[in-house]
Each structure stands twice: as structure tokens, then as C-alpha cells.
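Contents: one structure, followed by commentary.
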Amino acid sequence: MFALIDCNNFYASCERLFKPEFNGVPVIVLSNNDGCVIARSNEAKELGIKMGAVFYMIEQEIKDHKIAVFSSNYTLYGDMSARVMTNIARFSPDVEVYSIDECFIKVPVTTGYEKFAHDVRNAVIKNTGIPVSVGIAPTKTLAKLANKMCKRTGGVCVLDTEDVITAALKEYQVEDLWGIGRAYATQLIKIGINTAADLRGMPIGFIQEKLTIQGVRMWNELWGKSCIPLSDIIERKKGLCTSRAFSKLTNSIDDLREATVNYASRLALKLRRDNSCATVLSIRLLTNRFKTDKPQAYPSISISLVHPVNNTHDIVAAALSGLEKIYLPGYMFQKVEVMATGLIPETEVQLNLFSSFNGVLNDKLSKIMDDINSHYGVGTLRIASESLKPHWAMKRKYLSPNYTSKWADILKVK
DNA sequence: TCTGGGGTCCTAGGACCC
DNA sequence: TCTGGGGTCCTAGGACCC
């Protein structure tokens, strides 16, 4: 049996944890650049605030209902997530951290699933203050489904017999299934497949044709046959990406250079934290796709690097050379994307017979930079062309303090 | 003025091999 | 009159996830 444990309204719950005066009050959390709503407390959901709602379009509603607003604070959420996962790990040796706010575990008991679910839930709530829901079922797909049904059942839901599963599938909308997104949902509903039970009732050939092999796995899982194993080993990443919209559009090559340098050095840091090196670096400029009356362009380039690298200087230099090649003067750009692919572990980097490159493991400069920055704060030591507070930097007007990870931000109790 | 950021997997088709 | 059968690798695009 699998359990899916999911934090309720995770980002909103994190913010509320340190602002208890917002308990019982509608709370929303915004995406980067304070663009749209990405988390809502139950009260905000009840007011009809939609996931993905565009912030500036609902400002009046927010004022009218006195909704508390936060910019997203991933430092805080990441730290709270680690605390939740650590608590869950005490209940099972097999944990797959699936996202920042949810994990699958193998259920270590063979009976008494309800009690087990309540034990996990109560422990996490008591030790971290974050409310969670626990869904238990024979497969991961069904555990996901059980978890979503927790809203009705009070935080815990067990689907352990064929009768219970069948009844649940009949009530469950096909578009809410794990693995059915917008495109598939539209197609399925058009031909009269509305519930999970309808989908499960279709022949496997139909599933294979319409939804490919992943659909076949899901279909089997709905029948209780486990096809998606728990992956409790963290796989190496295949690519890393830094991409962020600017607070305002720009066509200035200087702005774009500055942004590219900033993003590329962030990317280099991500690579080093991942202990991997890039063999290919891609860079892309993007115009604002919502401004349909303005000319659109998404120029990009992929650069094969001479050596696999993860030091800031080489990554930045490659990114800048790419930028010069793709820059188009006549467009207002909203975003630059810097991507590293063809990643290899830094311990497996081969040296090149024909160059003086000394290998990543001898890269003392990066190590010193990272040490100083982790001790004195991000940006203490950086390359000269990187700016600390650029004018195009993303908006984070409603940012909360880093209560759990910065000495200066720790809550003071009188 | 203002619409997120980061990933994964699968398929089809083309280029190439013997 | 008529042009095989089996592969691999890569890329672009589309679907999905949170």
C-alpha cells in the first residue's frame, strides 16, 4: 500500500504559521513578480479566488474582502518542506519526496491503515504546524486520488477494497486524475468519458492509442495493479534552468546582458550544488506572449561547451556570447532563459588532451566564492558585471521574512 | 503597468548505420 | 516490372506534473 501525504495549501500555511493573526482569514500567495495567485487558504478558495488568477485583475476583490497577500518566499517554503519530510520519514523507510509539498511513502503496516494515517497526520501537524492530508491506496495513482478526496473526509482517506475504490472512481472527475491534464481532459469529455470509472471501463487498446504508454500505466493503476514504483533514490537531474521575467519589458541590450550575467551565475551555482557540469548551454529570449498586438519573438541558441564546466566565469561567458548572437533590437523582451543540459557528474569530467583546462575539481575560485557567499550572504562576492539590485528585478512587494533561515529574521517573542 | 518557474516523459520523423 | 530489413541516435513538439 502507498500513502500520499500532501501539505494543505502549503505556501499559504507556511506564511500563516508565522502570522497566527491570519488564521481564519483569507490568505493568498503570489507567483514570482507578484504575477498570479499560486496558493490560497480555504477561506480564499471559498471567496472564489481562482488558482492562477492574475493579481492586478483581482485587486479590488482583495481589498473588499481584506485578503492577506504574500509574495512567494521559496527560502521559507523549502525549509518548512524539509521539516515536514523529516517528520514523515520517521514513519516509513521508503519515502519519495515528489514535490515541495508532497511525498509518497510505502505504508509499513498491513492493517489499521486509518490509524496509521491519523498518526502521521497528527505528528506532522504537532511538530511542524503544517496541516497535511493522507491518502492510502494500493497504487500511487489511487493514493493520489484518495488524497484529493480527503477534503471531504477530514484529512484522511483509505481506499483499500474493490468496493470502496469503485465507489470513489464513480464520483471522481476524469480531469482530476493524476496524468490527465487539460488537453486529454477536453478530448475525453468530448467523447463522453467524464469520470475516473468511465475511463477505467474503456478497453486497453483505446487507452494506449489515446493516452500512450503513460495512460496504460495509469489505467492499470486504477485497476489496483501497481505500475509506477516508488522512486526513493534521487535521480540526477538531466537539465537545470534559470528563467525569470523582468519587472518591465526591455529592448536594451545592456539590460539583457545584465540579466544574462545574473541568471547565468545563478545557474552556475545551481550546477555546483548539484555536483554536476554542463556540456551544453542554451539561452533564449522571450517576448510577452500576452501582448498579442506586439511582435513576438523567441530567439534561442544552444552552445556546445569545450569542456564540461560549472564555474561562474565560463558559464557566464558562454551565455553572453549566445546572447549577442540571438539579440534582436526591434522587440520588447520580457524574459531571458539560461539552460544547462547534457549534465554529467563533476567527478566524471574528462580532461581534454589539447587544452590547459585543469578540471572542475581544481576549481578553487568557485569554492571560495561559494564559501564566502554562504557565510556572508548571497552576492557578497560576485563577478563585476552582475548587479545586486537591478532595476528590472522581479517584484516581491509582499515578501515575508526568512523566519527559519536568517538570523536577523527570527521572530522575537516579548 | 501588471499574466510564474522549474522539471519529466513519450512519440514521430529524419538521418544515419550495416 | 522492380528498390529490404533491421537497427540506433537525435531533435522537436506535445503532453504531463508541481
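To find a chain, count down the sequence lines: A is the first, B the second, and so on, and within it residues start at 1.
Among the atoms of the strands shown, none is found under 4.0 Å from any heavy atom of A/Ser72. Among the atoms of the strands shown, only primed sugar atoms or phosphate atoms (P, OP1, OP2) are found under 4.0 Å from some heavy atom of A/Leu177. Contacts of A/Leu211 with the nucleic acid, taken as non-hydrogen atoms under 4.0 Å apart, are absent. No engagement by A/Lys397 is indicated, since no non-hydrogen atom pair under 4.0 Å with the nucleic acid exists. Residue A/Tyr184 is classed as a sugar-phosphate contact, given heavy-atom separations below 4.0 Å to backbone atoms only. Note on A/Gly239: only backbone sugar-phosphate atoms sit closer than 4.0 angstrom, heavy atoms only; bases stay farther off. Residue-level contact check: A/Glu102 touches the backbone only, with heavy atoms under 4.0 Å from sugar-phosphate atoms and none from bases. Using a 4.0 Å heavy-atom cutoff across all strands shown, A/Arg217 reaches sugar-phosphate atoms only and no base atom. A/Leu30 comes within 4.0 angstrom of nothing in the nucleic acid, heavy atoms only. A/Asp34 comes within contact range of no nucleotide atom at all, as no heavy-atom separation falls under 4.0 Å. At the heavy-atom level, A/Gln187 lies nowhere under 4.0 Å from the strands shown. A/Lys238 comes within contact range of the sugar-phosphate backbone alone, with a heavy-atom separation under 4.0 Å but no base atom that close.
Between A/Lys210 and the phosphate of C/dA15, there is no side-chain N or O to OP1/OP2 separation shorter than 4.0 Å. For the OP1/OP2 pair of B/dG5 and a distance below 4.0 Å, the side-chain nitrogens and oxygens of A/Lys335 include at least one atom meeting the criterion. Side-chain N/O atoms of A/Lys144 include none lying less than 4.0 angstrom from OP1 or OP2 on C/dC17. Phosphate proximity of B/dT3 to A/Asn33: absent, as no side-chain N or O sits under 4.0 Å from OP1 or OP2.
The distance between atom CE of A/Met218 and atom P of C/dC16, rounded to the nearest whole Å, is 10 Å. For the pair A/Ile38 CD1 and C/dC18 C1', the interatomic distance rounds to 10 Å; values are reported in whole Å. Between A/Arg182 atom CZ and C/dA15 atom P the separation is 10 Å, expressed in whole Å. In this structure, the CH2 atom of A/Trp178 is 8 Å from the P atom of C/dC18, given to the nearest Å. Here the C1' atom of nucleotide C/dC18 and the CG atom of A/Leu4 are 12 Å apart, to the nearest Å. Atom-to-atom, CH2 of A/Trp392 to P of B/dC2 comes out at 17 Å; the value is rounded to the nearest Å. Taking atom CD of A/Gln334 as the reference point, atom C1' of B/dG5 lies 12 Å away to the nearest angstrom. Note: CD (A/Glu59) to C1' (B/dT3) measures 13 Å, nearest angstrom.
Mapping A/Cys36 and A/Ser243 onto DNA chain B by nearest heavy atom places A/Cys36 closer to the 5' end of the strand. Toward the 5' end of DNA chain B, the nearer of the two residues A/Gly35 and A/Thr242, judged by each one's closest nucleotide, is A/Gly35.
Remark: A/Glu221 does not engage A/Lys144 in a salt bridge, criterion side-chain N to carboxylate O under 4.0 Å. Salt bridge annotation for A/Asp370-A/Lys367: absent, with no cationic side-chain nitrogen under 4.0 angstrom from a carboxylate oxygen.
Taking only side-chain atoms of A/Tyr98, from C-beta outward, the nucleotide of B/dG4, C/dC17, B/dG6 with the closest atom is C/dC17. The listed nucleotides are B/dC2, B/dG6, C/dC18; the one nearest the side chain of A/Tyr56 is B/dC2. Taking only side-chain atoms of A/Arg244, from C-beta outward, the nucleotide of B/dT3, C/dC18, B/dG6 with the closest atom is B/dG6. Checking B/dG6, C/dC16, B/dC2 against every side-chain atom of A/Lys395, the shortest atom distance belongs to B/dC2.
Under the 6.0 Å cut-off for aromatic ring centres, A/Trp178 and A/Phe2 do not qualify, their centroids lying 6.0 Å or more apart. Checked against the 6.0 Å centroid criterion, the rings of A/Tyr74 and A/Tyr77 qualify as a close aromatic pair.
Relative orientation of the A/Phe333 and A/Tyr331 rings is tilted, given thresholds of 30° and 60° on the angle between their planes. Using cut-offs of 30° and 60° on the angle between ring planes, the pair A/Phe18 and A/Tyr403 is parallel.
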Any N/O pairs under 3.5 Å between the protein and nucleotides 7-14 of chain C? List them or say none.
none

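Judged by distance alone, the side chains of A/Ser400 and A/Asn73 do bring a donor and an acceptor atom under 3.5 Å apart. Checked by atom type, the side-chain pair A/Asn87/A/Asn127 shows a donor-acceptor distance below 3.5 Å. In this structure, a donor-acceptor pair under 3.5 Å is absent between the side chains of A/Asn310 and A/Ser276.
When Watson-Crick and G-U wobble pairs are counted only if both distances are under 3.5 Å, B/dC18 pairs with C/dG5.
Within a 6.0 Å radius of NZ in A/Lys45, other residues, nucleotides and ligands contribute more than 12 heavy atoms.
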